[in-house]
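Only one structure is covered here, and it is reproduced in the block below.
Keep in mind that what you see is a predicted model, and the values were worked out from it rather than measured. Sequence lines set the chain letters: A, B, ... in the order given, protein chains first and strands last, and positions in each chain run from 1.
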Amino acid sequence: MIAIIDYRAGNLKSVESALIKLGFSCRVTHNREEILRSERIIFPGVGAAGKAIDDLRSLGLDKLLKESFDAGKPVLGICLGAQIILDKSEENNVQCLGLIKGEVKMFPSPLFSGNNERLKIPHMGWNGVRLIKNHPVLEGLMPADEFYFVHSYYTLPASNQYVIAMTEHGIEFPSIIGNNNLIAMQFHPEKSGNSGLRILKNFCTWDGHYAE
Amino acid sequence: MLSKRIIPCLDVRDGKTTKGIKFKQNIDIGDPVEMARFYYEEGADELVFYDITASSEHRDIMIDVVRRVAEEIFIPFSVGGGIRTIDDMRRVLLAGAEKISVNSAAVKDPSIISKGARAFGSQCIVLGMDVKQVPISNNIPSGYEIVIHGGRKYTGIDALAWAKRAEKSGAGEICLNSIDADGTQEGYEIVLTRLISENVNIPVIASGGAGNIDHLYDALTQARADAALIASIVHYGTYTIKEIKQALIAKGVKMRKAWLL
């Protein structure tokens with residue numbers, strides 16, 4: 001069973017629907033026993049970092065996530081769930097979970113494209129990814145694949161070793177990052193059509209091992 | 001670099017779509033879920049459902065539609081029409097919509113934007129603006145005024161000021177509908193769209209007037225819209241979404257090539 005972590009951070013229904021569609025059994029839960037029993041964890045999230053961290057702590061899920069990660073269980077972070085796994089975030093200036101060394105930065109403003117057009121923040125809509133290294137969860141990625149993003153902050157790991165793919169929006173930022181059995185993406189695979197469903201499917205069968 | 005988005009809009013009354021697809025395949029043209037799936041598979045980047053149900057007791061039908069759509073399509077979609085309170089927003093979002101759009105409710109009580117943004121995040125709050133061109137005056141310095149009730153009621157609010165205010169209040173996106181252009185199929189309101197898009201830093205969806213591919217091209221380039229809402233030109237089968245996207249790509253617009261995936 002796959003645990004979709006519920007910490008009041010927005011719409012979990014679409015993640016659940018996608019997994020059901022793909023034929024995987026899953027539970028939207030914040031129950032400790034259930035999460036411990038799960039074979040893998042999806043850690044979603046929308047909203048602000050400060051509130052998310054507060055809610056996680058008040059439910060005791062911050063420690064549980066760390067334990068699960070340390071135990072080698074496959075973990076997928078999505079959107080805000082991909083941000084608050086770093087050490088800290090500029091959003092609300094909050095200390096985060098520290099599963100990947102680094103921080104979460106706000107997009108610089110104003111932001112301009114290569115041909116000097118002013119770009120908007122949030123970075124909202126469909127964008128591609130440039131693969132830095134192969135990863136089992138990204139198996140089958142095609143050049144035409146694009147993913148649905150919506151965010152004003154981006155992840156900046158302390159070392160390139162954690163960066164799996166980059167995306168360009170005025171600046172190039174790490175859009176997929178990972179650390180051993182953890183992989184995290186800024187976009188929403190559950191809202192990214194077939195491209196996203198393929199990634200979710202890969203994650204749901206990934207054994208958590210990753211060697212470059 | 002972001003792709004420009006193509007967003008079909010479905011009007012839903014009492015759980016049924018009001019404009020059917022006039023062509024091909026065995027789909028129930030009155031069923032919003034089937035139409036949503038059809039456009040999803042055709043390569044739409046996002047969908048908009050506009051609930052034009054008149055009576056409030058039929059609102060639960062829309063929630064059920066939202067739930068069924070969320071189970072079947074895996075792109076973002078928004079729901080507008082009849083959303084007046086934070087509770088209305090919560091129900092639609094919990095049913096699986098990505099975004100909710102407020103229009104006249106925000107005119108009546110602008111605080112619904114900031115309250116919604118605080119409760120659910122700016123990314124789910126779309127401000128729908130219905131706009132008509134009027135003579136420039138002290139009250140309406142941009143020459144564009146916010147209207148409600150399908151354009152029958154003028155509000156005295158300047159469209160540009162309203163867009164900026166909504167951005168400041170926490171709206172995450174603007175869906176900008178020109179009542180003058182709506183239904184004409186003669187092209188989007190380019191001047192208005194560019195005016196709003198250049199003066200806010202949140203995405204703007206152009207709406208109203210799409211009749212051919214050049215119209216979409218102008219909205220997405222000259223008018224600087226981030227996305228284009230379409231209705232009749234796909235509902236009545238003038239073009240498929242793939243045809244629209246391929247034509248725009250040929251003109252140099254970046255589009256998601258969903259048919260390759």
Side-chain angles (χ1 to χ4, degrees), chain A residues 9-18 20-22 45-48 51-52 79-80 107 109-111 113-115 117-128 140-152 167-170 172 188-198 200, chain B residues 1-7 40-41 43-46 66-77 90 92-99 117-124 126 167 172-174 197-205 221 224-227 249 254-261:
Chain A
N11 181 5
L12 306 178
K13 169 117 177 131
S14 42
V15 178
E16 188 188 14
S17 299
I20 291 170
K21 180 85 177 175
L22 291 167
V46 294
K51 183 178 181 299
C79 194
L80 185 65
F107 274 111
S109 177
L111 195 59
S113 71
N115 53 5
E117 209 177 300
R118 174 125 191 228
L119 296 175
K120 295 183 174 176
I121 303 167
H123 171 228
M124 180 191 279
W126 296 81
N127 208 333
L141 189 83
M142 291 185 279
D145 276 323
E146 293 187 24
F147 303 93
Y148 186 76
F149 289 81
V150 49
H151 61 121
S152 304
T167 291
E168 188 258 311
H169 182 65
E172 229 194 3
H188 288 271
E190 77 283 11
K191 288 283 179 184
S192 297
N194 288 339
S195 309
L197 292 177
R198 192 189 324 114
L200 285 174
Chain B
M1 183 184 162
L2 279 173
S3 291
K4 300 284 188 180
R5 286 171 280 156
I6 300 294
I7 309 180
Y40 168 60
E41 285 166 1
D45 298 309
E46 195 165 328
V66 172
R67 196 170 293 122
R68 284 158 52 220
V69 169
E71 282 166 6
E72 303 228 6
I73 75 154
F74 301 99
I75 52 173
F77 67 94
R90 180 174 290 116
V92 172
L93 292 172
L94 283 180
E98 194 73 10
K99 311 173 184 180
R118 222 174 302 130
F120 312 112
S122 286
Q123 80 289 339
C124 27
V126 183
E167 177 182 22
E173 194 168 33
I174 287 172
S197 191
E198 284 194 328
N199 281 286
V200 296
N201 200 29
I202 51 177
V204 171
I205 305 168
T221 55
R224 309 260 165 105
D226 299 279
I249 289 169
K254 186 166 178 274
M255 292 268 137
R256 181 175 72 105
K257 299 169 190 148
W259 56 92
L260 295 180
L261 306 170

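Interatomic distance, B:Ile7 CD1 to B:Ile75 CD1, rounded to the nearest 0.5 Å: 9.0 Å. Atom OG in A:Ser192 sits 6.5 Å away from atom CZ in A:Phe147 (nearest 0.5 Å).
Heavy atoms of other residues, nucleotides or ligands lying less than 6.0 angstrom from CE of B:Met1 number 12 at most.
Put simply, of B:Phe120, B:Phe77, B:Tyr40, the one with the most heavy-atom pairs under 4.5 Å next to chain A is B:Tyr40. Put simply, of A:His169, A:His123, A:Glu146, the one with the most heavy-atom pairs under 4.5 Å next to chain B is A:Glu146. For the options A:His151, A:Arg118, A:His188, A:Arg198, heavy-atom pairs under 4.5 Å to chain B are most numerous at A:Arg118. The most heavy-atom pairs under 4.5 Å with chain A, out of B:Leu260, B:Val204, B:Asp45, come from B:Asp45. Across A:Gly170, A:Gly196, A:Gly193, the residue that shares the most heavy-atom pairs under 4.5 angstrom with chain B is A:Gly193. Each of A:Thr167, A:Val150, A:Ile121 has some count of heavy-atom pairs under 4.5 Å with chain B, and the biggest count is that of A:Ile121.
Looking at A:Lys13 and B:Glu71, a side-chain N of the basic residue comes within less than 4.0 Å of a carboxylate O on the acidic one, giving a salt bridge.
Heavy atoms closer than 4.5 Å to chain B are found nowhere in A:Ala48, neither backbone nor side chain. Neither the backbone nor the side chain of A:Ile20 comes within less than 4.5 Å of any heavy atom of chain B. Contacts of B:Glu41 with chain A are absent, with no heavy-atom separation under 4.5 Å from either backbone or side chain. Heavy-atom distances place no part of B:Ser122 under 4.5 Å from chain A, backbone and side chain included. Contacts between A:Glu117 and chain B at a heavy-atom distance below 4.5 Å involve the side chain alone, from C-beta outward. A:Met142 touches chain B through its side chain: at least one heavy atom from C-beta onward sits under 4.5 Å away, while N, CA, C and O do not.
Between the side chains of A:Lys120 and B:Ser197, a donor-acceptor pair is found at a separation under 3.5 Å.
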Open item on the list: Run the salt bridge (charged side-chain N to carboxylate O under 4.0 Å, His left out) test on B:Glu46 and B:Arg5 for me, step by step, so that the C-alpha distance in whole Å, both residues' side-chain angles and the decisive distance to 0.1 Å come before the verdict.
Closed with: CA-CA 7 Å; B:Glu46 195 165 328; B:Arg5 286 171 280 156; 2.9 Å; yes
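A donor-acceptor pair is defined here as one N or O able to donate and one able to accept, closer than 3.5 Å; no such pair exists between the side chain of B:Glu198 and the backbone of B:Arg224.
Annotation: salt bridge (Lys or Arg N to Asp or Glu O under 4.0 Å) contacts of B:Arg90 (sequence neighbours excluded): B:Asp87.
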